[in-house]
Amino acid sequence: MTIRHAVSSDAARIANLHARSWQTAYRGILREDFLQGPVIANRLQLWRERLCDNPSESQFTFVSEHDGEIQGFACAFLDADPQWGTLLDNLHVEPGQKGRGLGVQLMAVVAQTILGQGPVVREGLSSALHLWVYEQNFQARRFYERLGGSPTDSIAELAPDGGRVNAVRYAWRQLERLAQCGDG
């Protein structure tokens, strides 16, 4: 397995994995007609924009490959929030690969990247990490808690299917331990 930075030619493969992940993890959370229909086009548009058309300078995306196949990916935005630090916007693993440590390794690489940006507080910005996870996504929430993430607050947000979904913020204030999780 290799973890590397995503490139523009990865956009369609990341979008397909993202859609498959949502179709599995968000069943019962997002509308079924969305998950079985426009989710693929929705994710493809997002990843073409992120990797091809309009990449953000603060964005970094890693993919995990095995034998040329993308097995997982993580996308984060440095210093997205002055209090909560970097936003991990996406972490998805091929549904059949879950439970094999790939998500842990991707989280570790994200933490290592943040720590590699400089001191714990750069120009008043935090080197913390946070993410939002749907409240009903219990499997993901348990995963983040095992990695030391703490729930901080929740919001009702507009979901990609047009509905409203409750989301919980998980935060990591100390990234050193998380950065070492992928070593074992």
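When atom types are taken as modelled, the side chain of Gln112 and the backbone of Ala179 share a donor-acceptor pair closer than 3.5 angstrom. Using modelled atom types, no side-chain atom of Asn137 and backbone atom of Val133 make a donor-acceptor pair closer than 3.5 Å. Judged by distance alone, the side chain of His66 and the main-chain N or O of Thr2 form no donor-acceptor pair under 3.5 Å. In terms of modelled atom types and a separation under 3.5 Å, the side chain of Gln59 and the main chain of Cys75 share no donor-acceptor contact. A donor-acceptor pair under 3.5 Å links the side-chain atoms of Thr113 to the main chain of Val109, judged by distance alone. Using modelled atom types, no side-chain atom of Trp84 and backbone atom of Tyr170 make a donor-acceptor pair closer than 3.5 Å. Listed for the Arg4 side chain is no donor-acceptor partner under 3.5 Å among the backbone atoms of Ser64.
Within a 6.0 Å sphere centred on CD of Glu145, heavy atoms belonging to other residues, nucleotides or ligands number more than 12.
Contact of the Gln83 side chain with the Thr152 side chain is not registered, since no non-hydrogen atoms from C-beta on lie closer than 4.5 Å. With contacts defined as side-chain heavy-atom distances shorter than 4.5 Å, the pair His18/Phe73 qualifies. A heavy-atom distance below 4.5 Å is found between the side chains of Glu135 and Arg141. Between Phe34 and Asn42, some side-chain heavy-atom pair lies under the 4.5 Å cut-off. Annotation: side chain of Ile114 is in contact with side chain of Val110 (closest heavy-atom distance under 4.5 Å). At a threshold of 4.5 Å between non-hydrogen side-chain atoms, the residues Leu175 and Leu129 count as touching. Using a 4.5 Å cut-off on side-chain heavy atoms (C-beta onward), Ile70 and Ile14 make contact.
Note: Cys181 SG to Arg146 CZ = 11.0 Å, rounded to the nearest 0.5 Å. Taking CZ from Arg100 and CE from Met1, the interatomic distance works out to 12.0 Å, rounded to the nearest 0.5 Å. Here Leu158 contributes atom CG and Ile155 contributes atom CD1; the two are 10.5 Å apart, rounded to the nearest 0.5 Å. Separating the CZ atom in Arg173 from the OG atom in Ser150 is a distance of 9.5 Å, to the nearest 0.5 Å.
The minimum heavy-atom distance linking Leu44 with Ala12 is given by the pair CD1-CA, 3.7 Å. Nearest heavy atom pair, residue Leu30 against residue Leu35, reads O-CD1, 3.9 Å. Closest approach of Pro55 and Cys52 over heavy atoms only: CD-O, 4.1 Å.
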Check against side-chain contact (heavy atoms from CB on, under 4.5 Å), Glu176 and Leu115: CA-CA 8 Å; Glu176 290 78 12; Leu115 290 170; 3.8 Å; yes

Derivation of the side-chain contact (heavy atoms from CB on, under 4.5 Å) call for Leu17 and Glu69: CA-CA 10 Å; Leu17 169 54; Glu69 296 294 321; over 6 Å; no

Let me see the working for Asn90 and Arg43 under side chain to side chain donor-acceptor pair (under 3.5 Å), right down to the final yes or no. CA-CA 12 Å; Asn90 306 102; Arg43 297 296 84 194; over 6 Å; no

Would you please test Phe143 and Met107 for side-chain contact (heavy atoms from CB on, under 4.5 Å) and show each step? CA-CA 11 Å; Phe143 172 76; Met107 289 286 291; 4.1 Å; yes

Would you check, one step at a time, whether the test side-chain contact (heavy atoms from CB on, under 4.5 Å) holds for Asp79 with Ser58? CA-CA 8 Å; Asp79 300 323; Ser58 68; over 6 Å; no

Trp172 and His130: CA distance, side-chain angles, deciding distance, side chain to side chain donor-acceptor pair (under 3.5 Å) verdict: CA-CA 6 Å; Trp172 289 260; His130 74 283; over 6 Å; no

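Between Phe60 and His5, the distance from one ring center to the other does not fall under 6.0 angstrom. In this structure, Trp22 has its ring center at least 6.0 angstrom away from the ring center of Tyr134.
Linking Ile, Leu, Val, Met, Phe, Trp and Tyr residues whenever their side-chain heavy atoms come within less than 4.5 Å leaves Phe77 and Leu131 in two separate clusters. Under the 4.5 Å side-chain contact rule for hydrophobic residues, Trp47 and Ile40 do not share a cluster.
Legend: salt bridge (Lys or Arg N to Asp or Glu O under 4.0 Å) pairs involving residues 12-32, not counting sequence neighbours, sorted by first then second residue: Asp10-Arg13, Arg13-Glu65, Arg20-Glu94, Arg27-Glu32, Arg31-Asp33.
Using a cut-off of 4.0 Å between Lys/Arg side-chain N and Asp/Glu carboxylate O, Arg169 and Asp153 are scored as salt-bridged.
With Trp132 as the fixed residue, the side chain to side chain contact (heavy atoms under 4.5 Å, CB included) test singles out one of Leu88, Leu87, Val168, Val165: Leu87.
Using bins of under 30°, 30° to 60° and over 60° for the plane-to-plane angle, the ring pair Tyr26/His92 lands in the perpendicular bin.
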